[in-house]
2 protein chains.
Amino acid sequence: MADRIRWKREKVYIAVVAAIVPRTWSNDPVRKPTSDRTSAGRATIHDVARLAEVSTATVSRVLSGGKPVSPQVADRVRAAAQEVGYRPNPAAQTLLRGSSQTIGVVVPDLGNPYFAEILKGIAAEAAGDGHHTLVAGTEEDPEQEYRSAIELARWVDGLLLCAPRMSAPQLKEVAEASRRLVLINRVLRHPSVGAVVVDYHHGVRELCAHLASLGHERIVYLEGPSTAWSDQQRQRGFRAAGLPVTRVACGSSLRDGYAAVDEALTHEPTALIAFNDHVAVGVLSRLRELGITVPDDLSVVGVDDAPMSAHTDPGLTTYAVSTVELGRQAWQHFSPTASTATTHLSGELVVRGSTARPRRRRTVKPSR
Amino acid sequence: MADRIRWKREKVYIAVVAAIVPRTWSNDPVRKPTSDRTSAGRATIHDVARLAEVSTATVSRVLSGGKPVSPQVADRVRAAAQEVGYRPNPAAQTLLRGSSQTIGVVVPDLGNPYFAEILKGIAAEAAGDGHHTLVAGTEEDPEQEYRSAIELARWVDGLLLCAPRMSAPQLKEVAEASRRLVLINRVLRHPSVGAVVVDYHHGVRELCAHLASLGHERIVYLEGPSTAWSDQQRQRGFRAAGLPVTRVACGSSLRDGYAAVDEALTHEPTALIAFNDHVAVGVLSRLRELGITVPDDLSVVGVDDAPMSAHTDPGLTTYAVSTVELGRQAWQHFSPTASTATTHLSGELVVRGSTARPRRRRTVKPSR
DNA sequence: ATGAAAGCGCTAACAC
DNA sequence: GTGTTAGCGCTTTCAT
């Protein structure tokens, strides 16, 4: 049996986490007969009230706590609620309160472990303050991202967009549609939008300095999505670093990295900078297939310090920013008193085994 | 100016991830002053009705489509809706319909790329049928899982639990609390619960047969969480395979795999079976650190065929089940006509570079 | 301390 | 074809 990479398993999911349904604006008309418009036989507050022989108002008072109720009544109500297994209808609560105690998070790719980390981070923060977290993956499609965001905005008290790819005008629309909008790794000139961004400019300079100190001169950068702000920041960083860096179109996924290697090699680099660690994993895999040894033949670096980056072979040199801190800062921005200023987070270079001095000079670029 | 009515003809269905809040049953009392009980200044159907000089019922008719309305009125309404940026309040719709057009998905670990895949799979299926998907990560905590499930159950039309770790009684409670409950990789004797499970019994036998055919005799199995049904299935598979397999406590994460290697090695195995691919990645990493070559010194296999398993060094031999099929089947179970029988899915052995004949006999177990 | 009643935003039944 | 009305389940006045 062949030791093969089974690409067929990796076929593209068109609309993965968020998909558009070409439907009419509202869903199918309510199908239920009128008699059954109620919420699927679950106990309501009325059931509890009847059983405890009090008014619904009292039930509500008991269950929300902090209201003046006589202990006997309170006990009766709690017992009744327990008995019928009552739980309040969240839709009704939301409707009444005008708040769902929920924030929405949109990420370009749920399959990217780095985003999964960020997700956990802010979910934990939000949970600590009594909020749910809703997350949508957009499969790197800016249009889908826009629609997801607009839709989510109606549900949630606050919206967090991670590395949004949509256009600035669209982003402004989303800002208008949201109670509160916070961005990660994107800036937008808008009065009510907060943001926390990683200083990729710094990160790239660090990486370049590291590579330069090792003696690398021919460096290829595997570009991320062109609509990604963070990619633009990296590119600016390269210009500032003053190293000649050749750019090769790539993308943001493992597969993208795998696929971009061959073209990158035509430039005969001594070092490769991947858009992020996820991409870098794909790069390492392809290089291994080609029999190119890292770091002896070629150095590879990533950006992000994803959880697996310490576990690749060799370990990945990368630029690390704490996802915990990212989550914490993002959550701060949802506070009513938060400023809308942009928070800058810088990370640090993490040197692992994927970088070294160029061992042998590969043949010089073809004559030109 | 009124160019098109893009959003009115299509609804965006979002896949969402929800983290549940470890809180008391009710949230803090409404803080808003009475005057501001309304939904944060967003346009309501009344605003549209007023502007278009029609009744709210007519607005609703126009926007839901398929209802008899005169073209002129329809245009006026659409223009008005456009102008004020009206979007229906989802909470109100949900309350009225008694259905949120949403399913909930609970996974033990969002950081496990395999679950991310499953997630994408069922989200795509659900979206295709016009349903949102809510997902909660539980960090492998059964209690949190239970609370998330119970909480989510109130919101969603159907609940999907991936590899739930909670106890059977708790699971039954969740079943009672849900409109519809579907399980992945867990079985529960309950009349209304559907399930789709991977035949790990078969998978493990395949893996064992493969290892046996290579000549392996001393095999260590790195156990998953003891509360995982799928782990129990694997263990049963080992017994059926008739190979002596030594069990070592491990877990389900990359780090768990990394940490369990040292103890596993004390048994001087020629092959290691990891609970899943995620664990196996950690294993490979630790083995590399220790200077143990895979597969020459030691063969390693995983289970799941996660996306990265083709990209490790060496590629991971594993047991593959299509996440797409898993998602599709799970979604089937939400259909009103679905049976509650358990669907069994079997996968296939995928042989990559991490398994080979034992190259050299390591020293025999110390005398005892 | 408790109950009655209003109403969150929306849609379906029932007039006309 | 369109308006009026009722009510989804809940919380909060405003009475008592």
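To find a chain, count down the sequence lines: A is the first, B the second, and so on, and within it residues start at 1.
In this structure, CZ of Arg50(A) is placed 18 Å from C1' of dT2(C), rounded to the nearest angstrom. dC14(D) atom C1' lies 15 Å from atom NZ of Lys67(A), rounded to whole Å. To the nearest angstrom, C1' of dC10(D) lies 11 Å from CZ of Arg154(B). Ile45(B) places its CD1 atom 15 Å from the C1' atom of dC8(D), with the value rounded to the nearest Å. Rounding to whole angstrom units, CG of residue Leu63(A) and P of dT2(C) are separated by 14 Å. The distance between atom CZ of Arg97(A) and atom C1' of dC8(C), rounded to the nearest whole Å, is 12 Å. Nucleotide dC10(C) holds its P atom 12 Å from the CG atom of Leu95(B), rounded to whole Å.
At a cut-off of 3.5 Å, with distance as the only test, a side-chain donor of Thr343(B) or His333(B) sits close to an acceptor on the other residue.
For Thr58(A) and Pro68(B), each mapped to the nucleotide of DNA chain D holding its nearest heavy atom, the one lying further toward the 5' end belongs to Pro68(B). Between Glu53(A) and Pro90(B), the residue anchored nearer the 5' end of DNA chain C, judged by the nucleotide with its closest heavy atom, is Glu53(A). Both Ser70(A) and Ala92(A) lie near DNA chain C, and the one whose nearest nucleotide falls closer to the 5' end is Ser70(A). Each of Arg61(A) and His46(A) has a nearest nucleotide on DNA chain D; the 5'-most of these lies closest to His46(A).
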- prompt: Going through the checks in order, is the side chain to side chain donor-acceptor pair (under 3.5 Å) test met by Glu145(A) and Gln170(A)?
  reply: CA-CA 10 Å; Glu145(A) 181 182 67; Gln170(A) 285 179 315; over 6 Å; no
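A pairwise comparison of heavy atoms in Ala74(B) and Val69(B) identifies N-CG1, 4.4 Å as the closest pair.
Note that OG of Ser55(A) is 9.5 Å distant from NE2 of His46(A), once rounded to the nearest 0.5 Å.
Relative to the side chain of Ser55(B), the nucleotides dG3(D), dT11(C), dC10(D) differ in distance, and dG3(D) lies closest. Checking dC10(D), dC10(C), dT12(D) against the side-chain heavy atoms of Asn89(A) singles out dC10(D) as nearest.
Applying the 4.0 Å criterion to OP1 and OP2 of dG9(C), one finds that Gln93(B) has every side-chain N and O outside that range.
Judged by distance alone, with hydrogens and angles left aside, Arg42(B) brings no side-chain donor or acceptor close enough to the base of dG9(C) to form a pair under 3.5 Å.
Under a 3.5 Å cut-off, the side chain of Arg179(B) and the backbone N or O of Asp157(B) do not form any donor-acceptor pair.
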